[in-house]
Structures are given as C-alpha cells and as structure tokens.
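Fair warning: this is a prediction, and the values are worked out from it, not measured in the lab.
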Amino acid sequence: MNKIYMARWIKPDFEAGEAACEFIRNFHAAKPVKRAVLTVSALGVYAARVNGEKVSYVLAPGWTSYRRRVQYQEYDVTHLMGENNSISITAAPGWRMRYAALKGEGCADWNTDELSSTEYAVIAALEVTYTDGTGDTLLTDGDWSARETQWRACNIYNGDVYDASYDTEDKTHSVKVLSHTRSILVPQEGEIICEHERLKPTEVIHTPKGETVLDFGQNMTGYVELSLSVPAGEKIVIDHAEVLDREGNFYTENLRSAEERIVFVGDGNRHLWKPEFTFYGFRYIRLTEWHGEVNPDDFTAVVVHSDIERTGDFECSDARINQLYHNIIWGQKSNFLDVPTDCPQRDERLGWTGDAQVFARCAAYNFNVDRFFHKWLSDMTLDQRHTGAIPHVIPNIGWASPSAGWADACVIIPWQMYLLYGDRELLRRQYVTIKRWIDYQYEMGDDYIRSGRHYGDWLAHDADVSQCNGATSKWYLGYAYRAYTTKLFVKISKILGAEDSELADYETKIEETKKRIYTDYYENSMLNIKPLTQTGLVIALYFGLCPDGTEAAHAEKLVQMIHENDDRLTTGFLGTPYLLHVLTDYGYPELAYTLLFQDKMPSWLFSVDHGATTMWEHWDGVRDDGTMWSESMNSFNHYAYGAVGDWLYGAAAGIDTDEEHPGFEHVIFRPVVTDRLTYLKASVKTKYGTVASEWKHVNGKTEYTFTVPAGISATAYLNGEAYELAGGTHTLTV
C-alpha cells in the first residue's frame with residue numbers, strides 16, 4: 001500500500017482565503033539514493049516541486065466527487081534528490097469553490113471534511129530507497145510549515161492576482177493537522193492534464209474603444225505565458241474573451257459573473273510567468289492596464305487539456321467542412337479537461353451529462369477517451385442518488401433531479417465505449433449503476449417523466465426564442481429515452497452473460513413503454529406530438545419507436561418538414577446527433593449532405609462563415625447583424641453540436657463499428673458518396689492498427705481505398721454489393 005495512507009491532511013493555520021499557500025518540508029538524505037517517489041494529493045489543486053523543480057501535472061489532482069474520492073499522483077523524483085532537499089507543495093482552492101453556496105438536496109454533508117468550501121489541504125508521502133537497501137519515509141504532518149505566497153488570489157473562474165513584490169520571507173506559519181479520512185484517496189484513474197500547443201498572437205488589434213487586444217487566432221482553453229517587467233508596486237491587468245462584438249470591441253458579457261482576469265503586481269524585475277491554479281477559455285486578451293510597449297513575442301497562449309491521444313483524422317475537398325471538423329476537434333480539446341465540461345470560459349464549466357452523452361461517440365473517434373470516461377463514470381457512480389437518479393452534472397454540485405437524455409448518459413456512454421473500444425470491463429463495472437437508473441425510471445413511473453426537471457431538446461430552433469427547451473414534448477422524450485436505454489440495458493446484460501429469462505421483465509417494460517408512446521403520441525400509426533417536430537421524428541426513427549411498417553412514412557414526413565423549412569434543421573441537443581444518420585439510413589443521403597452544406601442559420605456552416613474556430617452553444621450565437629444571442633448563456637466553445645463528427649467518420653467516410661465484433665475487431669465500411677465533394681478521407685487508430693477509408697471521383701466513377709489492419713477483417717458495402725476484405729490496403733472502383 002502506498003505510504004500516503006499513513007500521512008495526514010494538513011492545511012494552513014491562518015485564513016488563506018483564495019491565496020495560494022506553500023507547504024514546505026526539508027529532508028536530509030545521508031546516503032546515496034537509489035529511488036525516490038513523491039506521492040501527493042490535495043483537497044483543491046496543487047503544484048509540487050522538489051528542490052525548486054516542478055514535478056506535478058497541471059491542475060493536479062483533478063476534479064472528482066471530493067467527499068467520496070480524491071486521486072493521488074506519484075512522481076519519480078530520484079534524479080532530483082541530493083543530500084539536502086526541499087519538498088514544496090503549493091496549493092489553492094481550485095474546483096472546491098464550486099461548493100461555496102450549495103443548498104438543497106444532497107448538500108448538507110459537503111463541508112464535513114473540516115474545511116470550508118474555499119479552504120484547501122494537502123497530503124503527501126516521500127518514499128526514499130537508498131543504494132544499501134535501507135529507506136526513509138517523509139509524511140505530511142505537524143512538522144511541515146506553511147508559507148504565504150505571491151499568489152494572492154487563485155480562482156478557477158475569476159483568475160489570478162499575483163504580487164511579485166509581496167515579501168514572503170517572514171510569512172511562514174505552522175500547519176493544522178486534520179483528522180479527515182484518508183480512505184477517499186485513490187490512485188490516478190483518469191488521464192493527466194498537461195500543456196499542449198503553444199500559440200503566438202496573430203494580430204495586435206486597436207479596437208474602436210481604443211483598447212489594445214491580442215488575437216491568438218484560435219478559441220482555446222489554457223492560459224497565457226507572459227514575459228514582462230512591471231515597475232515595483234505597479235500592476236498590469238489582462239482580461240480574456242472568446243469574441244469581439246459587431247463593432248470590433250472586446251466582448252465579455254457572456255462570461256456572466258466570471259472575470260477571467262490576470263492581475264500582476266510588479267517588483268521591477270523581468271519575469272517569465274504563467275498561471276498555475278486556474279484555466280481560461282479565450283481567443284483574445286485585452287491589455288486592460290499595461291506598462292510600456294506591446295511586443296507580441298512576450299505573449300504565448302498555452303493550450304491545456306487532458307492528455308488524450310489523437311486517434312481520428314478527417315479531410316475532404318471542401319474547405320468549410322474541413323473548418324467544421326477543425327472546430328469539432330478544438331471544441332473537444334477545450335472541454336475535455338479532466339471532466340467533459342460544457343464550456344471553459346463562463347461561471348459554469350461543469351460536467352453536464354447530456355452534452356457528454358450526445359458527443360461521446362464522436363469523441364471516441366477523435367481521441368482515445370476510454371480512460372478519460374472511465375474516471376468520469378466512476379464519479380457518476382459515486383454521485384448517483386440513493387434512489388438511482390443520476391444528477392445533471394458530474395461531479396455533482398447539488399443538483400439531484402434527473403433529466404431525460406442527461407441521466408441516460410450512464411447507459412449510453414458505456415455502450416459507446418464498448419462499440420468503439422470493445423470495453424466489456426467498463427460495461428461490467430458500470431452495470432449496477434446502469435441497472436439502478438433503469439429501475440428508478442420504472443419505479444417512479446410517470447412521476448419522473450411528468451414532473452422531472454427535463455431540459456428537453458435543448459436549444460432547438462423550433463420554439464420561441466426565449467424557450468431553451470425546444471418545442472418537442474419533454475414527456476415524449478422521457479418515454480422515448482426510457483424505452484431506448486432499457487433496450488441498451490438488455491443488450492448489455494446479454495453481453496455480460498444474462499439469460500433471456502432474467503431479462504423477460506425488462507423486455508415487457510420496453511413494450512409497455514412503447515405502447516404508452518403509441519397511446520399518447522400516435523394517431524393512425526403516425527407520430528402526433530403537438531407540435532410535431534424534426535426531433536420528435538428523428539428520435540422515433542433512431543430509437544425504433546415507430547409502429548412496424550410505418551418507418552418509411554415517418555422518414556418522408558421528416559424530409560417534408562426539412563424541405564418546408566428551406567432545407568434547414570431545427571433540432572437541438574437531443575435531435576441533432578441522430579438527424580443525418582436517420583436521413584442516411586432511410587434513403588435520403590443527399591438531403592443529409594444538403595444539411596451539412598447548409599450555411600443559413602440554423603446550420604453547422606453558419607458559425608464557420610462567421611469565423612468560428614470552435615463549436616458554438618447556440619446555432620445563432622452571433623446573428624447575421626452581428627448582435628449576440630444572449631448575455632446569459634452564449635458560449636462560443638461548446639462541443640455538443642460537434643456530434644455531427646460521428647456522421648463524418650461513420651457515414652460520409654463510412655468507418656463503422658460492428659456490434660457483434662466491437663472495438664473494430666471487424667470493420668464495416670459503408671461510405672456515403674456525394675458529387676458535392678471530389679474526395680473525402682478519414683482514418684481511425686484502433687487497438688489493432690489504423691483503419692482508413694477514402695473515396696474520390698475518377699473519370700465518372702468512384703474509387704474507394706480501404707485500409708484494414710493485419711489480423712482483422714472488414715466488409716465494404718458499395719452500391720448494394722458486399723466485399724470481404726482482409727488485412728491490407730484495397731482499392732475498388734465502382
């Protein structure tokens with residue numbers, strides 16, 4: 001067992017507030033060191049250093065359900081050890097500040113860890129093995145000291161106040177040893193957070209208001225590294241934003257209460273400085289207060305996200321579709337920061353379950369997110385209510401009422417990880433969580449569906465502009481998701497070895513739910529929800545809820561509604577991921593491409609044509625006249641509508657999974673070709689090797705090239721014919 005379980009949690013014995021505090025312990029190694037391992041965790045976030053050199057990851061230990069578990073990290077520090085050593089752990093509140101004002105169900109025990117929601121604590125163990133076989137262990141305890149730092153405020157949402165002139169020499173205090181449990185400590189489960197790309201400014205802008213703004217050319221998550229010299233006692237102030245307004249001025253209203261600000265107080269010396277205990281969502285920075293000339297070389301935007309491996313790639317002959325794909329990738333990178341957040345900039349940045357489930361399949365094409373979701377789903381299990389209900393956000397911050405399409409993430413995401421990675425173990429591990437959620441829905445019956453806090457087809461464009469829930473009946477969606485996720489539960493149960501007899505009751509429940517849908521929402525075998533919406537039809541077709549023999553008629557009705565809307569979609573978060581799939585599956589692939597290429601609002605290319613470099617939360621985050629949708633909820637870095645990337649890989653390029661042989665053990669190629677493109681290609685790195693598909697028009701025919709990793713097989717479906725392919729590269733002309 002790691003020695004960290006023998007250590008004690010320690011916190012400053014003074015009121016640190018939002019200021020970071022450095023915990024210090026000196027250590028003398030009397031013998032040559034063979035191996036030294038430092039294990040650290042925090043209730044908050046920390047940066048660990050050994051003899052002045054940073055060894056920890058960004059924003060360690062990450063964000064988990066704090067009252068139930070906290071990850072710890074291990075660092076091999078052998079190469080840093082000398083005879084006399086200093087161990088330093090600087091900590092700040094981090095995500096704990098999310099719990100500052102919680103009230104209501106499930107919140108009463110948030111502060112039972114001897115800390116207020118704005119306080120923090122650390123725990124650590126240094127294990128040293130000498131070359132002679134003996135060893136020493138250094139644990140956090142009352143012998144450590146706590147020193148004030150020049151980080152005078154560190155806030156996840158508001159940013160940093162750093163005072164280089166603040167004298168910390170005589171600001172050393174004792175620590176308070178806590179009795180808080182160490183049983184919540186768990187090894188690192190998720191991907192670490194780390195720095196990635198480094199971007200230089202593409203332009204220095206002088207706005208109509210006379211402000212100086214730097215454009216990094218890409219909306220992103222991270223922070224700015226500064227090379228600066230500020231006179232002693234004077235300060236610089238830098239603000240962050242995603243967009244400029246229609247006059248070309250710096251726009252921050254969509255941040256709501258978040259400040260996203262850096263305040264740096266100088267000491268007259270030159271510093272190379274960057275934040276350590278927060279992150280920002282931005283493309284632009286404003287030099288609100290600045291000293292001297294502005295040199296773009298002194299500014300570097302550092303991209304920060306979980307260390308997920310890029311596995312997918314896509315390209316076609318249309319530059320705007322390529323930009324859309326670029327935006328999908330950057331939307332994922334920006335929001336896969338330890339938890340799948342909805343947005344990285346405003347006073348939210350939460351692990352919304354609905355956003356995650358609609359994007360999960362696309363996410364798994366783009367990057368290897370198996371381990372990433374393993375960690376997040378662990379917290380979902382821990383935060384599941386005693387009733388079986390799944391909260392809206394994970395880690396839960398006190399919202400316990402479940403929502404259709406959001407709570408169902410507990411079923412849909414493990415299922416997608418199974419299809420994309422063949423992860424049977426994740427199904428097994430999450431099975432109890434899944435079953436408890438399915439059982440909850442039937443135990444609650446209509447009470448859950450008709451009185452739950454449902455978000456509906458969020459941000460659909462078929463309702464009044466002030467109505468975020470969309471026009472599709474939330475009750476209909478509740479029954480639809482209940483039927484769909486119960487069907488997935490039955491599939492998962494059989495994969496894990498359940499007998500048909502054990503599942504008979506659930507099969508009956510599926511049929512009863514479908515009958516309820518037919519009774520309440522169908523007339524003459526046609527869906528008759530009021531109002532009838534594109535999403536209502538898409539869900540009925542994709543979830544298999546149409547009465548037998550009526551699927552074609554429902555698909556025709558969907559096509560009619562799209563044409564009547566000037567070949568534009570109206571779908572929101574729940575309908576959009578399946579829309580193009582349904583059109584393709586029911587014989588309307590060209591209409592699917594029409595929607596993909598549509599540039600009138602609402603459409604994917606509308607934001608592309610308005611200069612987006614990430615996905616927008618709203619179809620019309622910026623309107624044609626340059627005005628904003630809203631100040632209250634208008635993120636320009638929200639990945640949900642990027643779910644269309646799943647269709648780009650799985651339909652346009654035709655790289656699909658086989659449910660009977662998941663994880664690309666057997667590959668299905670079923671590319672959807674259009675004359676609107678001259679070529680299209682995509683690839684996905686799997687555990688067997690890279691799978692690739694490309695098609696292009698040559699002399700009036702279509703040439704297909706498929707790459708299959710050695711040792712596995714594939715089936716290509718082209719113009720009604722099936723071609724069996726072994727490992728290797730295959731070219732077919734049809």
Side-chain angles (χ1 to χ4, degrees), residues 14-22 24 47 49 52-54 58 88 90-93 146-173 195 198-216 222-241 244 249-252 255 258-280 282-302 304:
F14 61 94
E15 294 294 330
E18 292 186 12
C21 174
E22 182 183 21
I24 304 168
R49 290 175 169 82
E53 183 167 331
K54 186 175 179 179
V58 175
S88 162
T90 305
R147 184 165 62 197
E148 297 180 42
T149 72
Q150 293 171 329
W151 301 90
R152 305 312 302 148
C154 303
N155 187 298
I156 286 286
Y157 300 95
N158 294 336
D160 287 306
V161 177
Y162 186 88
D163 186 351
S165 68
Y166 187 74
D167 186 3
T168 64
E169 192 63 31
D170 57 352
K171 300 293 196 306
T172 301
H173 305 257
E195 297 181 350
R198 297 171 67 84
L199 309 177
K200 301 301 291 186
T202 59
E203 185 180 5
V204 178
I205 301 169
H206 300 288
T207 71
K209 289 185 177 180
E211 299 169 328
T212 300
V213 172
L214 276 65
D215 178 7
F216 289 96
Y223 36 71
V224 178
E225 182 180 82
L226 304 168
S227 175
L228 75 174
S229 177
V230 181
E234 298 189 27
K235 68 179 179 180
I236 61 104
V237 178
I238 296 176
D239 291 300
H240 300 68
L244 305 179
N249 290 309
F250 199 71
Y251 182 79
T252 59
L255 301 180
E259 291 185 352
E260 285 219 310
R261 173 169 292 175
I262 290 172
V263 178
F264 185 99
V265 180
D267 61 354
N269 298 316
R270 178 156 288 277
H271 295 264
L272 184 64
W273 179 91
K274 61 185 176 183
E276 284 196 86
F277 306 105
T278 188
F279 61 94
Y280 302 81
F282 68 102
R283 170 176 171 170
Y284 303 91
I285 60 171
R286 178 178 61 193
L287 308 185
T288 306
E289 296 183 38
W290 191 255
H291 293 271
E293 296 295 320
V294 177
N295 181 357
D297 291 339
D298 291 338
F299 302 85
T300 303
V302 182
V304 171

Let's go through Glu22 and Thr149 carefully: what are the C-alpha distance in whole Å and the side-chain angles of both, what is the deciding distance for side-chain hydrogen bond (donor to acceptor under 3.5 Å, both in side chains) to 0.1 Å, and is it a yes or a no?
CA-CA 7 Å; Glu22 182 183 21; Thr149 72; over 6 Å; no
request  = Measure from the side-chain N and O atoms of Thr202 to the backbone N and O of Asp215, and report whether any donor-acceptor pair falls under 3.5 Å.
outcome  = yes
In short, Glu259 meets Asp239 closest at the heavy-atom pair O-OD1, 4.0 Å
Note: Thr172 and Glu169 closest approach over all heavy atoms is OG1-O, 4.3 Å
Yes or no on side chain to side chain contact (heavy atoms under 4.5 Å, CB included) for Glu225 and Leu272, after CA distance, side-chain angles and deciding distance? CA-CA 7 Å; Glu225 182 180 82; Leu272 184 64; 3.9 Å; yes
Of all heavy-atom pairs linking Leu214 and Pro201, the shortest is CD2-CG, 3.7 Å
Next on the checklist: Is there a salt bridge (Lys or Arg N to Asp or Glu O under 4.0 Å) between Lys54 and Glu195? Walk through the geometry before answering.
Outcome noted: CA-CA 14 Å; Lys54 186 175 179 179; Glu195 297 181 350; over 6 Å; no
Interatomic distance, CG@Leu244 vs CZ@Arg286, rounded to 0.5 Å, equals 11.0 Å
Where do Phe279 and Val304 land on the side chain to side chain contact (heavy atoms under 4.5 Å, CB included) test, with the steps shown first?
-> CA-CA 8 Å; Phe279 61 94; Val304 171; 5.6 Å; no
So CG of Asp160 and CD of Gln150: to nearest 0.5 Å the spacing works out to 13.0 Å
Would you mind reporting whether Leu226 and Lys274 have side-chain heavy atoms less than 4.5 Å apart?
no
Between His240 and the options Phe282, Tyr157, Tyr251, the ring-ring contact (aromatic ring centres under 6.0 Å, His included) test singles out Phe282
Quick one: do Lys200 and Asp297 satisfy salt bridge (Lys or Arg N to Asp or Glu O under 4.0 Å)? Show the steps, please. CA-CA 7 Å; Lys200 301 301 291 186; Asp297 291 339; 5.1 Å; no
Heavy-atom closest pair (Cys154 atom, Phe277 atom, distance to 0.1 Å) is SG-CD1, 3.8 Å
- Query: Given the rule in the ring-ring contact (aromatic ring centres under 6.0 Å, His included) test, do Tyr162 and Phe264 qualify, once you have shown the distances and angles that lead to the verdict?
  - Reply: CA-CA 5 Å; Tyr162 186 88; Phe264 185 99; 5.5 Å; yes
Rounded to the nearest 0.5 Å, the CH2 atom of Trp273 sits from the OG atom of Ser227 at a distance of 13.0 Å
Strictly distance-based, threshold 3.5 Å: is any side-chain N or O of Thr278 a donor or acceptor partner for the main-chain N or O of Asn155? yes
Short question: side chain of Tyr280, backbone of Arg261 - any donor-acceptor pair under 3.5 Å?
yes
Distance col, row Tyr223:OH vs Ile238:CD1, nearest 0.5 angstrom, shows 15.0 Å
Separation between CD1 (Ile205) and CZ (Phe250), nearest 0.5 Å, reads 10.0 Å
The reported gap from CD1 in Ile236 to CD1 in Ile262 (rounded to nearest 0.5 angstrom) is 6.5 Å
Contacts of Asp163 meeting side chain to side chain donor-acceptor pair (under 3.5 Å) (sequence neighbours excluded), chain-then-number -> Ser165
For His271 and Ala164 the tightest heavy-atom approach is NE2-CB, 3.8 Å
Nearest heavy-atom approach of Asn249 to Pro208 is OD1-CD, 3.2 Å
Tell me if a side-chain donor or acceptor on Asp298 pairs with a main-chain N or O of Leu228 at a distance below 3.5 Å.
no
